[in-house]
Amino acid sequence: MPSLFCHGVLTGRLSVQKFVELTASNPAKLYGLSETKGTIAPGYDADFVIWYPTAEQAAKAGTSEKVMKPFNLSNNMLHHDIDYTPFEGMEFVNWPRYTILRGKVVWDRDGGGVLGTKGDGGYLKRGRSTLSKPREVFVNEFNPYE
């Protein structure tokens with residue numbers, strides 16, 4: 001997600017709307033969770049990722065809001081139990097500052113990292129995918145199986 005945001009949205013190669021579609025709306029539809037996820041609307045879960053403002057945004061707002069300084073990613077900066085990341089050494093100019101789960105801050109990068117506790121999440125039963133199509137039905141005459 002940070003790679004797509006930094007190297008797509010912040011470089012102008014991807015709109016914010018397309019970023020939200022790729023990272024929230026479409027996955028919710030694909031996994032049959034679009035009744036409560038992937039949209040900002042009444043009745044949907046209040047799950048958000050808040051990013052640092054860019055230097056331009058902070059200057060335009062006339063605020064001394066903390067701006068993320070560029071950094072090179074290393075695997076030990078990530079919160080996973082894997083000894084490798086394909087993004088090692090890449091420069092990032094932004095990173096999620098807060099993650100909000102159903103209205104509760106569960107990640108605060110400047111305030112200690114993980115604030116969520118076991119049990120904050122909840123099981124969601126999948127519905128039917130709204131993006132799935134019948135197998136081997138193609139939009140044109142090209143059939144990759146022939």
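Values in this document were obtained by computation on a predicted structure and should not be read as measured data.
- Under a 3.5 Å cut-off, the side chain of H7 and the backbone N or O of E91 do form a donor-acceptor pair.
- Side-chain contact between V93 and L10: present, with at least one pair of heavy atoms (C-beta onward) separated by less than 4.5 Å.
- Taking CG of D108 as the start and CD1 of I50 as the end, the distance is 11.0 Å to the nearest 0.5 Å.
- Atoms CZ and CG, on F87 and L73 in that order, are 8.5 Å from each other to the nearest 0.5 Å.
- Among pairs with a residue in residues 5-19, those fulfilling salt bridge (charged side-chain N to carboxylate O under 4.0 Å, His left out) read K18-E21, at least two apart in sequence or across chains.
- Heavy atoms of other residues, nucleotides or ligands lying less than 6.0 angstrom from CG of L124 number more than 12.
- Residue pairs meeting the salt bridge (charged side-chain N to carboxylate O under 4.0 Å, His left out) criterion with at least one member in residues 113-125, sequence neighbours excluded, are K104-D120.
- When the salt bridge (Lys or Arg N to Asp or Glu O under 4.0 Å) test is applied to D110, the partners found at least two apart in sequence or on another chain are K66, R97.
- Here the straight-line distance linking atom CG of N76 with atom OG1 of T85 works out to 11.0 Å at 0.5 Å rounding.
- The shortest non-hydrogen separation linking P2 to N94 is CB-O, 4.5 Å.
- Summarising the geometry of N72 relative to G89, their closest heavy-atom pair is OD1-O, 3.6 Å, with the distance given to 0.1 Å.
- With rounding to the nearest 0.5 Å, the separation of CG in D47 from CD1 in I40 is 10.5 Å.
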- Message: Show, in sequence, the C-alpha distance, side-chain angles and deciding distance for H80 and N75, and conclude whether the side chain to side chain contact (heavy atoms under 4.5 Å, CB included) test is met.
- Response: CA-CA 9 Å; H80 61 202; N75 192 59; 2.8 Å; yes
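- For the side chain to side chain contact (heavy atoms under 4.5 Å, CB included) test, residues two or more places apart in sequence or in another chain that qualify with F19 are M1, L4, F5, V9, L14, T23, W51.
- R109 is linked by a side chain to side chain contact (heavy atoms under 4.5 Å, CB included) to Y52, M68, W95, W107, counting only residues two or more places apart in sequence or in another chain.
- Cluster partners of L101, using a side-chain heavy-atom cutoff of under 4.5 Å among ILVMFWY residues and allowing indirect links, are V106.
- Taking the charged nitrogens against the carboxylate oxygens, D45 and K37 do have a contact shorter than 4.0 Å, which makes a salt bridge.
- Grouping the Ile, Leu, Val, Met, Phe, Trp and Tyr side chains by contacts below 4.5 angstrom, directly or via other members, places F92 with M77.
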- request: Might you work through the side chain to side chain contact (heavy atoms under 4.5 Å, CB included) test for K29 and S129, ending with a clear yes or no?
  value: CA-CA 6 Å; K29 292 174 187 174; S129 173; 5.9 Å; no
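- Follow the hydrophobic side-chain contacts under 4.5 Å out from L78 and you never reach Y84; the two are in separate clusters.
- The CD atom of E88 sits 5.5 Å away from the OG atom of S74 when rounded to the nearest 0.5 Å.
- No single ILVMFWY cluster, assembled from side-chain heavy atoms under 4.5 Å apart, contains both I100 and V114.
- Counting all heavy atoms, side chain and backbone alike, S25 lies closest to G38 at OG-O, 2.9 Å.
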